[in-house]
Amino acid sequence: MSTLWLVATPIGNLGDLAPRATEVLASVDLVCCEDTRRTGVLLRHAGIRAKRLTVCNDHTEHDRINEVRRVLDSGGDVAIVSDAGTPGISDPGERIVRSVVGTAHDVSAVPGPSAAIMALTISGLDATRFVFEGFLPRKGRDRSDRLSLIASEPRTVVVYEAPHRALRTLDDLRSACGSDRRVVITRELTKLHEEVVRGRLGEIDIGEPRGEYVFVVAGAADDEPADDATVEAALDAALSAGTSTRDAADQVAAATGRSRRLVYNLALAVKERRGE
Ligand code: SAM
């Protein structure tokens with residue numbers, strides 16, 4: 001029996017390529033990728049040479065189905081990779097998977113990096129239940145309808161965005177969800193300029209947008225302010241990192257929804273306990 005593999009690849013840091021991803025990519029007979037040059041660089045990094053590659057992007061995925069099925073039917077294995085992260089997550093893969101599901105062949109994966117999961121798990125927002133929105137529709141009714149759904153969504157919402165649309169999406173999320181909604185905006189995850197900004201939609205500042213973004217928006221039902229113990233733990237971490245009392249209080253107030261004055265007083269208490 002042959003296998004169609006979905007192989008996750010790094011979202012920035014090549015060190016995140018899993019050993020099993022390398023093994024599978026080295027062993028398959030065909031690799032479907034979005035961009036042969038980009039995947040060629042990854043394969044060379046992994047020490048894999050002379051691999052048969054075929055382009056599979058949003059426009060060609062449908063046409064690749066027959067080629068993939070031919071390789072599988074003749075006893076070979078096939079891997080799908082995207083430019084970055086997990087195939088099928090705002091990337092090609094789903095249509096080929098669907099065409100193989102229900103045949104005699106296996107569908108499996110080498111799991112690994114995905115910007116959505118990394119952003120969600122480092123956000124500090126409720127990750128018990130969440131909604132993945134991917135890219136919002138670009139304009140019109142589709143976009144406004146989706147924004148309305150996000151505004152009333154009780155679970156944490158994860159949104160992908162490109163740099164040239166980041167400010168507009170931030171504005172639209174603010175108009176839809178209100179200034180008070182907590183948000184965590186992550187950028188360039190696993191890369192040199194990785195950045196995580198926490199705050200409220202009304203006050204968060206991401207400067208001049210650069211790089212790739214994931215917005216993690218608190219659910220409408222998750223706007224409970226943090227309790228004192230959580231605030232103190234966050235203050236302790238910020239002070240340990242060398243942040244000034246005032247800046248630590250400002251950051252933690254923005255991230256936790258407690259008032260600046262109260263957080264500042266808690267910061268003084270934390271400093272006293274730390275003997276500072
Ligand atoms: N399949 C990928 C995954 O599993 O994350 C997503 C591919 S989608 C075409 C590209 C979007 O993912 C970017 O516009 C950005 O929103 C997000 N993304 C990918 N890599 C990222 C990174 N290193 N940092 C932040 N966001 C990233």
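When a ligand or atom number is given, it counts from 1 through the structure's own listing order. Note that the numbering runs from 1 along the sequence shown for the chain.
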Worksheet item: Can you list the steps and then say if Asp73 with Arg70 is a salt bridge (Lys or Arg N to Asp or Glu O under 4.0 Å)?
Response: CA-CA 5 Å; Asp73 289 344; Arg70 268 199 304 278; over 6 Å; no
Item to complete: Output yes when the distance from some N or O of ligand 1 to some N or O of Thr86 is under 3.5 Å, and no in every other case.
Response: yes
Discussion item. Is the contact between Lys191 and ligand 1 made by the side chain, the backbone, both, or neither, using heavy atoms and a 4.0 Å cut-off?
Written reply: side chain
Practice prompt. For atom 13 (C) of ligand 1, grab the closest protein heavy atom and report residue, atom and distance to one decimal in Å.
Written response: Glu212 OE1, 3.1 Å
Item to complete: Give yes or no for whether the N/O distance cutoff of 3.5 Å, strictly under, is met between Gly85 and ligand 1.
Response: no
Worksheet item: Do you reckon Ile80 sits in the same ILVMFWY cluster as Val68, going by side-chain contacts under 4.5 Å, direct or chained?
Response: yes
Worksheet item: Quick one: do the Glu67 and Thr54 side chains pair a donor with an acceptor below 3.5 Å?
Response: yes
Worksheet item: Are any of the N or O atoms of Tyr160 closer than 3.5 Å to those of ligand 1?
Response: yes
Worksheet item: Would you say the side-chain atoms of His105 and Asp77 include a donor-acceptor pair closer than 3.5 Å?
Response: no
Worksheet item: Would Arg38 and Ser82 count as having a side-chain donor-acceptor pair, cut-off 3.5 Å?
Response: no
Fill in: N or O contact, Ile11 vs ligand 1, cut-off under 3.5 Å
yes
Worksheet item: Considering Ala162, Ser114, Gly134, which one's heavy-atom position lies nearest to atom 4 (O) of ligand 1?
Response: Ser114
Discussion item. Tell me whether Arg64 contacts the main-chain N or O of Val55 through its side chain, where contact means a donor paired with an acceptor under 3.5 Å.
Written reply: yes
Worksheet item: What atoms of ligand 1 come closer than 4.0 angstrom to any heavy atom of Glu188?
Response: 23 (N), 24 (N), 25 (C)
Worksheet item: Does an N or O anywhere in Ala115 fall below 3.5 Å from an N or O of ligand 1?
Response: yes
Worksheet item: Would you say the side chain of Pro111 lies within less than 4.5 Å of the side chain of Arg20, judging by non-hydrogen atoms?
Response: yes
Discussion item. Is there a polar contact between ligand 1 and Ile89, counting only N or O atoms under 3.5 Å apart?
Written reply: yes
Discussion item. Please check: side-chain N/O of Arg181 versus main-chain N/O of Ala151, any donor-acceptor pairing under 3.5 Å?
Written reply: yes
Discussion item. Assess, by modelled atom type and distance only, whether the side chains of Thr60 and Asn57 contain a donor and an acceptor separated by less than 3.5 Å.
Written reply: yes
Discussion item. Is Thr186 close enough to touch ligand 1? Criterion: a residue heavy atom under 4.0 Å from a ligand atom.
Written reply: no
Worksheet, complete the sentence: Candidates Phe132, Phe135, Phe215; heavy atom nearest atom 10 (C) of ligand 1 found on Phe135
Worksheet item: Under 4.0 Å from ligand 1, counting heavy atoms only, is it the side chain of Ala84, its backbone, both or neither?
Response: backbone
Practice prompt. Please work out whether any backbone atom (N, CA, C, O) or any side-chain heavy atom from C-beta onward of Asp91 is under 4.0 Å from ligand 1, and answer side chain, backbone, both or neither.
Written response: side chain
Discussion item. Surrounding CZ of Arg246 (heavy atoms of other residues, nucleotides or ligands, distance under 6.0 Å), is the total greater than 12?
Written reply: no
Fill in: Any N/O pair Pro113/ligand 1 closer than 3.5 Å
no
Discussion item. Among all protein heavy atoms in this structure, tell me which lies nearest to atom 22 (C) of ligand 1, with the distance rounded to 0.1 Å.
Written reply: Leu189 N, 3.5 Å
Response to the item:
At under 4.0 Å between heavy atoms, what of Tyr213 touches ligand 1? The answer is backbone
Discussion item. If I apply the N/O under 3.5 Å rule, does Glu161 come out as touching ligand 1?
Written reply: yes
Item to complete: Would you kindly confirm whether Val159 and Leu125 end up in one hydrophobic cluster when ILVMFWY residues are joined by side chain heavy atoms under 4.5 Å apart?
Response: no
Worksheet item: Looking only at heavy atoms, what is the nearest atom pair of Val28 and Leu25, with distance?
Response: CG2-O, 3.6 Å
Item to complete: Give yes or no for whether the N/O distance cutoff of 3.5 Å, strictly under, is met between Ser90 and ligand 1.
Response: no
